[in-house]
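Notes to accompany the following structure.
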Amino acid sequence: AGARSAPVAVPLVGRDDERMGLGVEALKRAFLDRLVYSQARFPEVATRRDCFQALALAVRDRLLQRWVQTARTYRDKGSRTVCYMSAEFLIGPQLGNNLINLGIFDNARQAMAELGLDLDMLLDQEEEPGLGNGGLGRLAACYLDSLATLEIPAIGYGIRYEFGIFTQAIRDGWQAELTDKWLRSGSPWLIHRPNVAFDIKIGGHTEHQYEASASRRLRVQWVPAKVVRGTAWDMPVLGYGVNTPNRLRLWSAEAPEEFDFAAFNAGNYYQAVDAEVLSETLTKVLYPNDEMEAGQTLRLEQQYFFVACSLRDMIRLQLQREADLSRFHEKFVVQLNDTHPSIAVAELMHLLVDDYEMLWDEAWSITQRTFAYTNHTLLPEALEKWPLRLFQKTLPRHYEIICEINERFLDEVRIRFPGDEAVLRRMSLIDEDGARYIRMAHLAVVGSFAVNGVAALHSELVKSDILKDFYELWPEKFRNKTNGVTPRRFVLLANPTMSQLIDETIGKGWVTDMMRLRELEPYADDPAFREKWRGIKRGNKEHLVREIKRVAHADADPASMFDVQVKRIHEYKRQHLNLLHVISLYKRLKDNPNLVVAPRTVIFGGKAAPGYRMAKLMIRLATAVADIVGRDPAMHGRLQVVFFPNYNVKSGQSIFPAADLSEQISLAGKEASGTGNMKFQMNGALTIGTLDGANVEILEQVGEENFFLFGMNTPEVKELRRCGYRPRDYYEANPHLREVIDLIGSGFFTRGDRDVFRPLVDHLLNHDEYMLLADFQSYIDCQEKVSEAYIDYERWSRMSILNVARSGFFSSDRAIKEYCTDIWRVEPVRIELTDLSEDDL
Ligand code: 475
């Protein structure tokens, strides 16, 4: 190489597209190259799948070019790094999002068109990586997008499940689960790093020995029952309009190929193969239980495995930069996404004390300054606890470490609350009442410097209810970080027509500065703007109508109000309360054909945990009601019900922009935050909701005149429970409610079969844990107000515009900025992109 010209830093904004490989011509060339050199196809015989792969790989090349720069910059600067540890990252399809964040969506569309290909068709080919259950996993993905967009050095650490969340099919009205083989034809976004590998011990026993030296230090040896090798798979996560792709590092399990391992199996080839197969099962499948703990050994092994790999990876990076680990907590901060990775607290102690021979107190000080913990749930049954024997068998050394942490911790509690035996029992890391358990939330709190809830109300309830004792001991640890969602995927990509109107009206800056949407407020009073706004919503509804036809084989009327509830199916979320309203409306329309109400299409979507019988019955009720209402000619143009199968990130992108009404109707005090509520608001849906989770803050932002509020608040719920809630009293006192419930019990929706819904009806009348009957009338009355408002379409449009204008607070950029200043104490690091054409690479 001759004289090298100085590298030219070219920010993504204001660049020369063709020279940067981002122009139409460059993209066409890159696509054709990838078709030939990666897919070994010529255009005439290429399948849709080949074309998708070729475009994805061409885009990936552009990400990797930036990635190399980013990695180099972070290394050179020794930047403090956020490690977001999560058992789930529900990232959704990547191609569209990457095109948006690279700023080349339109160029790519044109490039493909010039090659005779439709970009939407190509986008549709992508298999969604379903590496999460719902809200918690999707939040992690939104946060990666914002971290990169805000140029914060960050790594997401998780698990490369071979099977993601199951694909939901509806068979005879019931949910059926199909395996999700998302890696069937490989993922163009994952890069295998077989050389980034760690051997992780599991099971076995420990051996304690005093050193022969003068200090006679106690040494603990962990002799495992098996060893599993984890290798890294990386996915680049590019920020919007910047050169920062951060790293999502997912661990996959395989058998270690150590010679001694082979020797161990010498002469028994089949046993060796068995070991190989067993190792791989570790990361085979995502547990599909949202908000419920299954308590299976394999799940604990998954959690330990990915945490152990991740911490070893961080330590490796730290030892590349510094001589020892004494400043580990200054270079890394680890956010624990719920308790699923909280075994990291014990694992870091194990590594520092046993492997790096640090003294307990120093190791504990580093550990406590490394971790921060986010709680995502108020449901007692979702709080993770591991049966002590199972835990001890799987992680014998960590059991000892947790006992030691607990003893020292309880000494502190004793000093603070002298003589209070009850508080010791309540706060202990080990639940000793009856069957003994390890309480993972307590481990997380004790091992972290910060603990946060995910909405204002939830964070208060964390302090007053589930972690009350800990709040009294350490009030300074507790924070609120109200959730947010990324406007890149859920507005710009999902709703291009609305985005374009906003661009034309207030300029483009809103995408990274969502508070600027406030500038839309004056346009809420502009009839011409409202008219355009309605036209856009109509277009989005027509698009969803086509999707509904395709996947649910139903015809929906785009003139009707699209009343939508999409989220995991759970009793506390009360999809069956929504159905009680549908049946109520059905009954009233039957009794009075002249009733003036807005025509509605009520759309449900969501998966039930495979072992959650009541949730599956709720799906059956939705499909049964959909069926009967759909067959009734009297309902034509008035009421329709659709169950949209296999709700996931991709279908969400068609659903949110088409919604008129967003159903957020959980029992107050049960939904930690909700994030779907925010995605609906950003797309111009109005909310009908209770004072629960982030609904409280949505109401605060939009004003009560732009929100449909109903139901009890949290103190009222507590009071009713305290007084002894008797659902049957509501049933007996309210004739209309009685009619509705009796209709379900009568077999009307199941061809006369009275048995199908009996468990559901019995449960409502005798237990009704989530108090549907107490909130029923308030909900029905509120839905009437919704109907009146919808008919006044000028008023509705005004409210819709104001909802979008006031949605800026719910951008994940705001949430991440709060985490950065208040918890992580990290700063942005600008990545300058070296222009490769000027370089002699
Ligand atoms: C809350 N999932 C939402 C969202 O903060 C909130 C639990 C156990 C095992 C696997 N998955 C889970 C959750 O707990 C979960 O998704 N929680 C949700 O987190 C983000 O907005 O209110 O229910």
Side-chain angles (χ1 to χ4, degrees), residues 12 22 27 52-53 55-67 70 84 88-109 111-112 119-132 137-151 154 156 158 164 182 187-191 234-248 250 484-500 508 510-512 514 648-657 675 678-679 682-683 811-813 816:
L12 213 58
L22 303 174
L27 289 172
F52 160 75
Q53 284 277 348
L55 181 57
L57 290 171
V59 169
R60 187 182 90 169
D61 291 341
R62 279 138 189 83
L63 299 185
L64 296 190
Q65 178 197 355
R66 286 157 183 82
W67 198 359
T70 306
Y84 200 88
E88 305 186 1
F89 287 91
L90 190 47
I91 52 178
Q94 293 295 292
L95 179 55
N97 199 247
N98 283 328
L99 292 173
I100 289 275
N101 285 11
L102 277 167
I104 59 169
F105 197 89
D106 294 335
N107 284 357
R109 182 182 291 289
M112 293 304 104
L119 182 62
D120 292 326
M121 178 278 289
L122 294 177
L123 293 175
D124 209 46
Q125 301 304 309
E126 184 167 357
E127 195 98 43
E128 165 161 345
L131 308 184
R138 182 55 234 178
L139 186 78
C142 283
Y143 282 0
L144 291 184
D145 179 90
S146 283
L147 280 162
T149 299
L150 294 167
E151 305 182 295
W182 75 287
S187 164
W189 311 109
L190 278 177
I191 293 155
D234 287 345
M235 194 178 292
V237 180
L238 180 68
Y240 176 79
V242 295
N243 295 319
T244 306
N246 278 327
R247 188 191 303 276
L248 172 56
L250 303 175
V485 301
T486 174
R488 270 71 67 181
R489 180 179 293 273
F490 292 107
V491 183
L492 210 49
L493 177 61
N495 199 341
T497 48
M498 189 187 79
S499 300
Q500 200 190 334
K508 285 178 184 278
W510 59 275
V511 180
T512 48
M514 286 280 281
N648 58 9
V649 176
K650 193 195 247 185
S651 55
Q653 290 171 202
S654 305
I655 293 170
F656 296 117
T675 43
M678 302 167 186
K679 296 165 197 169
M682 282 181 191
N683 283 285
S811 167
S812 44
D813 295 344
I816 286 298

Q. So, do Glu151 and Thr70 sit near enough that their side-chain heavy atoms are less than 4.5 Å apart?
A. no
Q: Decide yes or no for Cys142 and Phe490: does some side-chain heavy atom of the first lie under 4.5 Å from some side-chain heavy atom of the second?
A: yes
Q: Verify, without hydrogens or angle tests, whether Gln65 (side chain) and Asp61 (backbone) share a donor-acceptor contact under 3.5 angstrom.
A: no
Q) What is the distance from atom CD1 of Ile91 to atom CG of Leu131, rounded to the nearest 0.5 Å? A) 6.0 Å
Q: Please name the pair of heavy atoms, one in Arg60 and one in Ile191, separated by the smallest distance, quoted to 0.1 Å.
A: NH1-CG1, 3.8 Å
Q. Where is the tightest heavy-atom contact between Phe656 and Asn683, given as atom of each residue plus distance?
A. O-CB, 3.5 Å
Q | Any donor-acceptor pair under 3.5 Å from Gln94 side chain to Trp189 backbone | A | no
Q) Which value, rounded to the nearest 0.5 Å, describes the distance between Gln653 atom CD and Asn97 atom CG? A) 7.5 Å
Q) side-chain contact (heavy atoms from CB on, under 4.5 Å) between Tyr84 and Leu248: does it pass, once the steps are laid out? A) CA-CA 9 Å; Tyr84 200 88; Leu248 172 56; over 6 Å; no
**Q.** Test item: Asp813 and Met514 side chains (from C-beta on) under 4.5 Å apart, heavy atoms
**A.** no
Q: Walk me through it: do Asp145 and Arg489 pass the test salt bridge (charged side-chain N to carboxylate O under 4.0 Å, His left out)?
A: CA-CA 9 Å; Asp145 179 90; Arg489 180 179 293 273; over 6 Å; no
**Q.** Side chain proximity check, Leu27 to Arg62, heavy atoms < 4.5 angstrom
**A.** yes
Q.
Show the nearest heavy-atom pair for residues Val511 and Pro487, with the distance to one decimal.
A. O-CG, 3.6 Å
(Q) Could you check whether any side-chain N or O of Arg66 sits under 3.5 Å from a backbone N or O of Asn243, counting only pairs where one atom can act as donor and the other as acceptor? (A) no
**Q.** Ala140 versus Glu88, closest heavy-atom pair with distance
**A.** CB-O, 3.6 Å
Q. Roughly how far, to the nearest 0.5 Å, is CG of Leu119 from CZ of Arg109?
A. 5.0 Å
**Q.** Met678 CE to Ser812 OG distance, which is reported to the nearest 0.5 Å
**A.** 10.0 Å
**Q.** Euclidean distance, Asp234 CG relative to Arg247 CZ, rounded to 0.5 Å
**A.** 4.5 Å
Q | Main-chain N/O of Tyr240 paired to Arg488 side chain as donor or acceptor, under 3.5 Å | A | no
(Q) On a heavy-atom basis, which atom in Phe105 and which in Gly96 lie closest, and how many Å separate them? (A) CD1-O, 4.0 Å
Q | Contact summary for Gly239 and Ala148, nearest pair of heavy atoms | A | N-CB, 3.4 Å
Q.
Distance check, rounded to the nearest 0.5 Å: Ile655 atom CD1 versus Lys650 atom NZ?
A. 12.5 Å
Q.
With heavy-atom distances below 4.5 Å as the criterion, would you say the side chains of Pro129 and Phe89 are in contact?
A. no
Q: May I ask you to decide if Tyr143's main-chain N or O and Ser146's side chain share a donor-acceptor pair within less than 3.5 Å?
A: no
**Q.** Single hit among Leu63, Asn246, Leu190 for side chain to side chain contact (heavy atoms under 4.5 Å, CB included) with Met235
**A.** Leu190
